[in-house]
Amino acid sequence: MIRRRWALLPALLLCLFCLPCCPARAAAEGWRIPVAPGVALDAEVVPPEGAVGRPPLLVMPGVWVGGRHLYAAEARRYARAGYLVVAYSPRGFGSSSGEVGLAGPADVADVSAVIDWAVRHRAADPRRVGLLGHSYGAGIALLGAAADPRVSAVVAVSGWADLHGAFFTNGTAHTAAVRFQYGFARLFGRPGRELDRFATGVLAGRDDPELPAWAAVRSPERRVREFGARGTAVFLVNNWGDTLLAGPNQMLRFFEALPGPKHLELRPGEHGEPTIHCLLDVVPPAVCGRASRWLDRYVRGRGTVPDAPLRVSPRPGPALPAGRLPDEEYAGRRAMSAGEFAPALPSAP
């Protein structure tokens with residue numbers, strides 16, 4: 001039986017090969033941003049429309065396959081809303097130099113280097129900075145937001161909180177997920193030695209005593225203290241059936257631990273399945289609009305945010321076809337378990 005993971009592949013490849021060809025409504029510029037000695041990132045800069053003075057900055061780390069190119073349409077939507085958008089392919093992918101480190105310290109440092117570049121060369125406002133990423137880019141965005149105090153808000157779509165938990169359950173490796181991601185890294189990128197060691201060891205069934213520590217450095221849930229100290233506003237979107245990166249339990253655990261402004265949406269589908277429409281030049285689903293309003297509120301200080309911190313779309317089944325019931329809103333995980341719907345909450349200050 002073909003697993004649902006592979007059902008997403010045609011859509012992924014469609015985006016990879018077609019999005020760069022989409023008609024551009026906003027002028028975009030290609031750049032190579034130097035981030036470290038011998039390392040430059042392939043980036044696209046989309047100037048803001050109608051901006052007066054120093055514009056707010058939105059940095060978008062690219063995805064595992066396709067890099068920055070999958071953001072072509074979404075970047076332009078944010079530029080039309082007034083953001084200076086810098087989307088880039090993470091090191092080791094596409095035309096970006098360096099090696100794939102799977103959201104390691106160098107990838108996190110790259111986020112700050114891109115912000116530095118945008119402030120210095122494009123007059124971005126360092127007091128109004130947001131991050132947005134999908135999948136691999138979501139993990140980098142979360143880690144980058146925890147590391148850089150200039151980041152006011154982050155939107156992470158189909159990311160992870162615990163990298164070790166993403167690839168192991170009760171000590172059993174998710175070899176299919178590792179093989180899938182490592183295979184694409186070799187096909188479209190240049191894996192570094194640490195990633196080679198991790199992936200080949202898992203696929204060979206070898207126990208690596210250094211693996212938990214290696215994964216912990218790449219796990220946003222280990223950065224909860226930094227999020228709280230800076231009051232970073234975190235918007236998370238994940239799917240019930242994600243078998244590629246993060247299941248709902250680890251995202252709920254991470255969400256509950258976050259002490260500052262936070263919002264989590266859990267939706268039916270596989271990894272990135274419902275929110276892939278955010279990447280297309282069509283009318284985006286409502287969750288994309290809520291993410292945009294989150295950035296507007298916490299980066300630009302305007303508008304409102306979702307009333308309830310936790311929004312759940314029921315999983316469809318034989319007795320519950322998709323789209324038949326409205327989303328459910330809760331104050332938190334305990335309220336969801338108890339079936340206590342959230343009352344309307346005041347808008348964030």
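The analysis underlying the following values was restricted to heavy atoms, covering all of them including side chains, and did not include hydrogens, waters or symmetry mates.
- Of all non-hydrogen atoms in Pro126 and Val119, the two that sit nearest each other are CB-CG2, 4.0 Å.
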Full working for side-chain hydrogen bond (donor to acceptor under 3.5 Å, both in side chains) between Ser219 and His164: CA-CA 8 Å; Ser219 297; His164 191 269; over 6 Å; no
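- Side chain of Ser96 to main chain of Asp42: a donor-acceptor pair is present (N/O by atom type, distance under 3.5 Å, no hydrogens or angles).
- Listed by chain and residue number, His263, Trp294 satisfy the ring-ring contact (aromatic ring centres under 6.0 Å, His included) test with Phe235 (two or more places apart in sequence, or in another chain).
- Here Leu143 is tied into one hydrophobic group with Val108, each link being a pair of ILVMFWY side chains closer than 4.5 Å.
- If you chain together hydrophobic residues whose side chains sit under 4.5 Å apart, Val52 and Val85 never meet in one group.
- A heavy-atom distance below 4.5 Å is found between the side chains of Leu203 and Arg179.
- Within the 4.5 Å cutoff, side-chain heavy atoms of Arg150 are placed close to those of Asp116.
- By the 4.5 Å heavy-atom criterion applied to side chains, Val202 and Phe168 are counted as neighbours.
- The minimum heavy-atom distance between Pro261 and Gly231, with the atom names listed, is CD-O, 3.8 Å.
- Within the structure, side-chain hydrogen bond (donor to acceptor under 3.5 Å, both in side chains) contacts touching residues 198-208 (residues at least two apart or in different chains) are Arg197-Asp208.
- Taking the side chain as every heavy atom from C-beta outward, Leu41 and Trp31 never approach each other to under 4.5 Å.
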Asp125/Leu57 under side chain to side chain contact (heavy atoms under 4.5 Å, CB included): CA gap, chis, key distance, verdict: CA-CA 7 Å; Asp125 190 344; Leu57 172 64; over 6 Å; no
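- Atom CZ of Arg190 sits about 12.5 Å away from atom CG of Leu195, to the nearest 0.5 Å.
- Between the side chain of Gln250 and the main chain of Ala161, a donor-acceptor pair closer than 3.5 Å is present.
- With respect to Glu49 and Arg76, no salt bridge is recorded, no charged nitrogen being found less than 4.0 Å from a carboxylate O.
- Between Val46 and Ala75, the closest heavy-atom pair is CG2-CB, 4.1 Å.
- Aromatic ring pairs are classed by plane angle as parallel below 30°, tilted from 30° to 60° and perpendicular above 60°; the pair Phe184 and Phe188 is parallel.
- Applying the side-chain hydrogen bond (donor to acceptor under 3.5 Å, both in side chains) test to Arg290 and every residue at least two apart in sequence or in another chain returns Glu265.
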Candidate pair Leu131 and Val155, rule side chain to side chain contact (heavy atoms under 4.5 Å, CB included), full reasoning: CA-CA 6 Å; Leu131 303 178; Val155 172; over 6 Å; no
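- Met251 and Ala246 get closest at one heavy-atom pair: SD-CB, 3.8 Å.
- Atom CG of Leu236 is separated from atom CZ of Arg311 by 15.0 Å, given to the nearest 0.5 angstrom.
- Phe93 has its ring centre less than 6.0 Å from the ring centre of Trp64.
- Note on Leu142 and Val217: separate hydrophobic clusters, where clusters join Ile, Leu, Val, Met, Phe, Trp and Tyr whose side-chain heavy atoms are under 4.5 Å apart, directly or indirectly.
- Rounding to the nearest 0.5 Å places CD of Glu256 at 9.0 Å from CG of Leu264.
- Considering every non-hydrogen atom in both Arg186 and Pro191, the closest pair reads CG-CG, 3.9 Å.
- Under the 30°/60° scheme for interplanar angles, the aromatic rings of His134 and Tyr71 are found to be tilted.
- For Arg222 and Asp162, the salt-bridge test fails: no basic side-chain N is under 4.0 Å from an acidic carboxylate O.
- Lys262 contributes a side-chain N or O that, together with a main-chain N or O of Phe255, makes up a donor-acceptor pair within less than 3.5 Å.
- Remark: side-chain polar atoms of Ser135 are not paired, donor with acceptor, to backbone N or O of Val63 under 3.5 angstrom.
- Residues in residues 92-111 take part in these salt bridge (Lys or Arg N to Asp or Glu O under 4.0 Å) pairs, two or more places apart or across chains: Arg91-Asp110.
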Evaluation steps, side chain to side chain contact (heavy atoms under 4.5 Å, CB included), between Val59 and Val151: CA-CA 10 Å; Val59 174; Val151 178; over 6 Å; no
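- In terms of modelled atom types and a separation under 3.5 Å, the side chain of Asn239 and the main chain of Leu266 share no donor-acceptor contact.
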Verdict with reasoning, Trp214 to Glu194, per side chain to side chain contact (heavy atoms under 4.5 Å, CB included): CA-CA 9 Å; Trp214 182 86; Glu194 288 187 337; 3.1 Å; yes
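- Atom CZ of Phe254 is separated from atom CZ of Arg223 by 10.5 Å, given to the nearest 0.5 angstrom.
- The shortest distance between side-chain heavy atoms of Gln181 and Leu245 falls below 4.5 Å.
- The closest side-chain heavy-atom distance from Ser95 to Arg32 is below 4.5 Å.
- Hydrophobic clustering of Ile, Leu, Val, Met, Phe, Trp and Tyr side chains at less than 4.5 Å, counting indirect connections, unites Val224 with Ile140.
- Contact detail for Gly82 and Arg300: the closest heavy-atom pair is CA-NH2, 4.0 Å.
- At a threshold of 4.5 Å between non-hydrogen side-chain atoms, the residues Glu74 and Leu132 count as touching.
- A search for ring-ring contact (aromatic ring centres under 6.0 Å, His included) contacts involving Tyr83 returns Tyr78, not counting sequence neighbours.
- Between Tyr182 and Phe198, a ring centre-to-centre spacing not shorter than 6.0 Å is recorded.
- Comment: Arg128 does not engage Asp296 in a salt bridge, judged by the lack of any side-chain N to carboxylate O separation of less than 4.0 angstrom.
- Residues Arg293 and Val305 have side chains not in contact (no heavy-atom distance under 4.5 Å, counting atoms from C-beta outward).
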